[in-house]
Chemist: 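One structure coming up, written as structure tokens, with questions to follow.
In this chain, numbering begins with 1 at the start of the sequence shown.
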Amino acid sequence: MRPITIIVFVSALLMGAFFLIESVFFHNEKITAEENNESYKYLKKPCWFDADWQADISCGELHTPSRSGKFILPVVILHPEQLTQKDPVVYLQGGPGASAGLHSEGIKRWLSWMRLANIKRDLILLDVRGTGKSKPALVCAEYNRTNQQLLREHKTLSEELAQSFSVTGQCFKEAMLQDPSLDYRNFSTRLSAQDVRALMAQLDYTEWNILGVSYGTRLALEVARQEQQLPQSVRLRSMVLDSIYPAGYGGVQTWPQVLDAALQKFFKGCPRLPDCSNHLKNNQDKLQELFMSALARLRDNPMTITIKHWDGEAPMRWVVNDHRFLSIVFAGIYEPNDWSKIADAVQAVHDGRSDLLKPLAEPYLNHSVSSDFNSLTFTAVDCADNPVFPEADYLNAVAQYPLLQNYTRDQWRYQLCHQLPSVAALELVKPLVPTLILAGAQDPITPVQWARQIHEQWPESQLRVSEDLAHSVLGSDVCLLENIASFFDQPNVAFTACTSLARLSN
């Protein structure tokens, strides 16, 4: 279950655990690839979900070694109707903490995705440690109860962060006591990359490809780094990195900049879109002012709304105050098609119309409480990957982006990573395989600047920028998805499909 707000979601890593850190580091690259893979085991299993009876699907479990936690990771392999290529595509989802959707509804979506993409290769999906149906599960009943209670209360951001800080820290401590595998040090991008590589060594392939989205791109790059240091018989052939989120980018230290940039993109972009502009009631030039005054209103006079629960459970009652409204808006900025809903929501606050908040709030809140995302896993992995920056550096970043400093200032103080420190920060190493980077120019959470900076460092990579799209380019561009197989077919050739919808960078 995700934390209640994006502010708390981003600061899921801002909550504390109070136990001693032993001098144990489970990532051991001195182990040879052969020794490492011998300690893993892959077992074929009957599929545990209902799916199209005509679909060809294989299922199994990857059992990881005890030295880094004994996990059972579910694996699903979708076989295409016409298999013409023997190098599969491994899909690495976002997060960290997002599941692969290895359930009936999720597999139906994946089958539709596969038919549309027509990659003519096996598609391999897995739930990495701490996500989806992986075992043991990193769950905490008190964490969920606290989040449900917070929905119904009006608390300042500092109060909410402090309460989550305490509860989540206790959750990590108790999880480790109940099952040593749930020690937070058993969750990291390094270890998940080892798992992915071990899985491919266990399967009947000689070459393979990666398609990573958002956090999945960070995991993909760590896989590629390990390939260079620990070669094995099955070879990584190529990578597609959609909405790149590499090591050294993101984390709490970039939150002031990312939040400010996202809001500025909306303030400037909404008046230029006819659909969004029409919702502003001749206030196009005052959008930022209207937004900030809406936050001030909600800080003093929060609104209460009742939201339909998509899982069929009882409706959810939610107190929307200033920082929760900011979270709703930030989530809506992901998709420019939703910007008109944001404009409506800002006007709704001024008019006292709670009903006009629902179109924006309903999907946000339902995604926030979805079992397809594990916030505790997000916290553990993000802390493992990123070192804690000095407080002075963080406060300097806050000072550079003062518009929303009331909502960013306390993030460092409640950072869980103080208590779950990174033993060794994740490294960013140039991949040696053909790599296609996809980016949306409107992306607020993995900004296009990150993709351009990485491409400048790695000029051998290909960069594709879609000017009108935001996060997860392949999830928005049907033409691109229908043609992505051409990159996997010829990864060393310039990828030029659907060029009228994007700008190519070489």
Side-chain angles (χ1 to χ4, degrees), residues 33 36-52 55-66 68-80 83 85-111 113-114 117 119 121-138 181 186-187 189 191-213 215-216 219-220 222-223 226 232-237 239 371-374 377 381:
N36 189 40
N37 289 327
E38 285 175 2
S39 58
Y40 281 87
K41 181 169 60 175
Y42 181 76
L43 301 176
K44 295 182 179 180
K45 295 286 184 179
C47 292
W48 51 86
F49 48 80
D50 294 326
D52 185 344
D56 187 1
I57 305 175
S58 302
C59 298
E61 296 174 344
L62 180 69
H63 292 239
T64 72
S66 58
S68 63
K70 294 187 67 173
F71 289 89
I72 300 175
L73 309 180
V75 177
V76 174
I77 304 175
L78 305 183
H79 306 285
L83 178 66
Q85 306 296 332
K86 296 183 179 180
D87 51 303
V89 172
V90 177
Y91 190 101
L92 302 178
Q93 64 273 17
S99 80
L102 305 185
H103 44 67
S104 295
E105 289 303 314
I107 294 301
K108 290 176 184 177
R109 291 192 293 269
W110 280 118
L111 289 172
W113 184 96
M114 193 172 183
I119 54 177
R121 294 166 166 81
D122 287 345
L123 179 66
I124 300 177
L125 310 167
L126 79 156
D127 280 334
V128 299
R129 307 166 173 233
T131 70
K133 297 184 179 298
S134 65
K135 299 176 182 177
L138 184 57
S181 290
N186 288 335
F187 299 89
T189 297
L191 290 172
S192 288
Q194 288 182 8
D195 296 343
V196 172
R197 296 183 66 241
L199 171 65
M200 298 314 299
Q202 297 276 325
L203 298 176
D204 189 23
Y205 303 103
T206 57
E207 293 184 318
W208 60 296
N209 310 279
I210 291 177
L211 198 169
V213 178
Y215 165 74
L219 179 53
E222 174 60 16
V223 168
Q226 292 184 17
Q232 57 188 24
S233 57
V234 56
R235 183 176 68 90
L236 179 62
R237 179 173 172 271
M239 297 192 299
S371 60
D372 279 341
F373 190 91
N374 189 308
T377 299
V381 173

Chemist: So does Y42 get a backbone contact from the side chain of E61, meaning a donor-acceptor N/O pair under 3.5 Å?
Modeler: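 Looks like no, no N/O pair under 3.5 Å.
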Chemist: For the pair Q93 (side chain) and A98 (backbone), establish whether a donor and an acceptor sit closer than 3.5 Å, ignoring hydrogens and angles.
Modeler: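 Yes, Q93 side chain to A98 backbone: donor-acceptor pair under 3.5 Å.
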Chemist: Indicate the atoms forming the closest heavy-atom contact of F373 with G95, along with that distance.
Modeler: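 That would be CE1-CA, 4.1 Å.
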Chemist: Return the minimal non-hydrogen interatomic distance between H79 and D122, and the atom names on each side.
Modeler: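 Scanning both residues, the minimum pair turns out to be ND1-OD1, 2.9 Å.
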Chemist: Report yes if the distance between the aromatic ring centroids of F71 and Y40 is under 6.0 Å, otherwise no.
Modeler: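 Ring-ring flag for F71/Y40: false, centres at least 6.0 Å apart.
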Chemist: Apply the side-chain contact (heavy atoms from CB on, under 4.5 Å) test between I77 and each candidate in L203, L126, V90; give the one that qualifies.
Modeler: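 Of L203, L126, V90, side-chain contact (heavy atoms from CB on, under 4.5 Å) with I77 is met by L203 alone.
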Chemist: Which heavy-atom pair separates C59 from I57 by the least distance, and what is that distance?
Modeler: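 For C59 and I57, the tightest heavy-atom pair comes out as SG-CG2, 4.1 Å.
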Chemist: Quick one: does R121's side chain have a donor or acceptor within less than 3.5 Å of a partner on I119's backbone?
Modeler: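 Pair found, side chain donor or acceptor close to backbone of I119.
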Chemist: Between T64 and G69 (side chain of the first, backbone of the second, donor and acceptor by atom type, cut-off under 3.5 Å), is there such a pair?
Modeler: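 At least one qualifying donor-acceptor pair exists.
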Chemist: Check R237 with D87, please: is the shortest side-chain N to carboxylate O separation under 4.0 Å?
Modeler: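 Yes.
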Chemist: Going through the checks in order, is the side chain to side chain contact (heavy atoms under 4.5 Å, CB included) test met by L92 and L211?
Modeler: CA-CA 6 Å; L92 302 178; L211 198 169; over 6 Å; no
Chemist: With no hydrogens and no angle check, is any side-chain donor or acceptor of T377 less than 3.5 Å from a backbone partner on G130?
Modeler: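 Pair found, side chain donor or acceptor close to backbone of G130.
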Chemist: Does any non-hydrogen side-chain atom of L199 lie less than 4.5 Å from one of I124?
Modeler: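 Yes. Closest side-chain heavy atoms under 4.5 Å.
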Chemist: If you draw a 6.0 Å radius around CG in D56, do more than 12 non-hydrogen atoms from other residues or ligands fall strictly inside?
Modeler: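 Enclosed: over 12 neighbouring heavy atoms sit under 6.0 Å from CG of D56.
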Chemist: For N374 and T131, does a side-chain donor sit closer than 3.5 Å to a side-chain acceptor?
Modeler: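 Per modelled atom types, N374 and T131 side chains form no pair under 3.5 Å.
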Chemist: Within the distance-only criterion (no hydrogens, no angle test), does the side chain of W113 pair as donor or acceptor with the backbone N or O of I107 below 3.5 angstrom?
Modeler: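 Not at all, since once roles are kept as given, no pair shorter than 3.5 Å links the two residues.
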Chemist: Please lay out, stage by stage, how K70 and H63 fare under the test side chain to side chain contact (heavy atoms under 4.5 Å, CB included).
Modeler: CA-CA 7 Å; K70 294 187 67 173; H63 292 239; over 6 Å; no
Chemist: Main chain of K133, side chain of D127: is a donor-acceptor contact present, judged purely on distance under 3.5 Å?
Modeler: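 Yes, D127 side chain to K133 backbone: donor-acceptor pair under 3.5 Å.
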Chemist: When rounded to the nearest 0.5 angstrom, what distance separates CG in L62 from CD1 in I72?
Modeler: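 Between L62 CG and I72 CD1, I get 10.0 Å after rounding to 0.5 Å.
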Chemist: For a 4.5 angstrom cut-off between non-hydrogen side-chain atoms, does W48 reach P74?
Modeler: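 Yes. Closest side-chain heavy atoms under 4.5 Å.
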Chemist: Do the side chain of S134 and the main chain of R129 share a donor and acceptor less than 3.5 angstrom apart?
Modeler: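 Looks like no, no N/O pair under 3.5 Å.
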Chemist: For the residue pair A193 and L219, what are the closest heavy atoms and their distance?
Modeler: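 Nearest heavy atoms, A193 then L219: N-CD1, 3.4 Å.
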Chemist: One pair to check against side chain to side chain contact (heavy atoms under 4.5 Å, CB included): E207 and V234. What are the steps and the verdict?
Modeler: CA-CA 5 Å; E207 293 184 318; V234 56; 5.9 Å; no
Chemist: Can you name the nearest heavy-atom pair linking V128 to S192, along with the distance?
Modeler: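 Heavy atoms of V128 and S192 come nearest at CB-OG, 4.0 Å.
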Chemist: Is the shortest side-chain heavy-atom distance between Y205 and M200 below 4.5 Å?
Modeler: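 Yes. Closest side-chain heavy atoms under 4.5 Å.
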Chemist: Below 4.5 Å, heavy atoms only, C-beta onward: do N209 and M239 meet side chain to side chain?
Modeler: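 They are not in side-chain contact.
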Chemist: Which value, rounded to the nearest 0.5 Å, describes the distance between S58 atom OG and K45 atom NZ?
Modeler: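 Reported value, rounded in 0.5 Å steps: 14.5 Å.
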Chemist: T189 and V381: side chain to side chain contact (heavy atoms under 4.5 Å, CB included), yes or no, with the steps?
Modeler: CA-CA 6 Å; T189 297; V381 173; 3.6 Å; yes
Chemist: Do any N or O atoms from the side chain of W110 and from the backbone of L78 form a donor-acceptor pair under 3.5 angstrom?
Modeler: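 Flag not set: sc W110 to bb L78 has no pair under 3.5 Å.
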Chemist: Side chains of V196 and W208: closer than 4.5 Å at any heavy-atom pair?
Modeler: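 In contact.
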Chemist: Please report the closest heavy-atom contact between L123 and M114, naming both atoms and the distance.
Modeler: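 Nearest heavy atoms, L123 then M114: N-CE, 3.9 Å.
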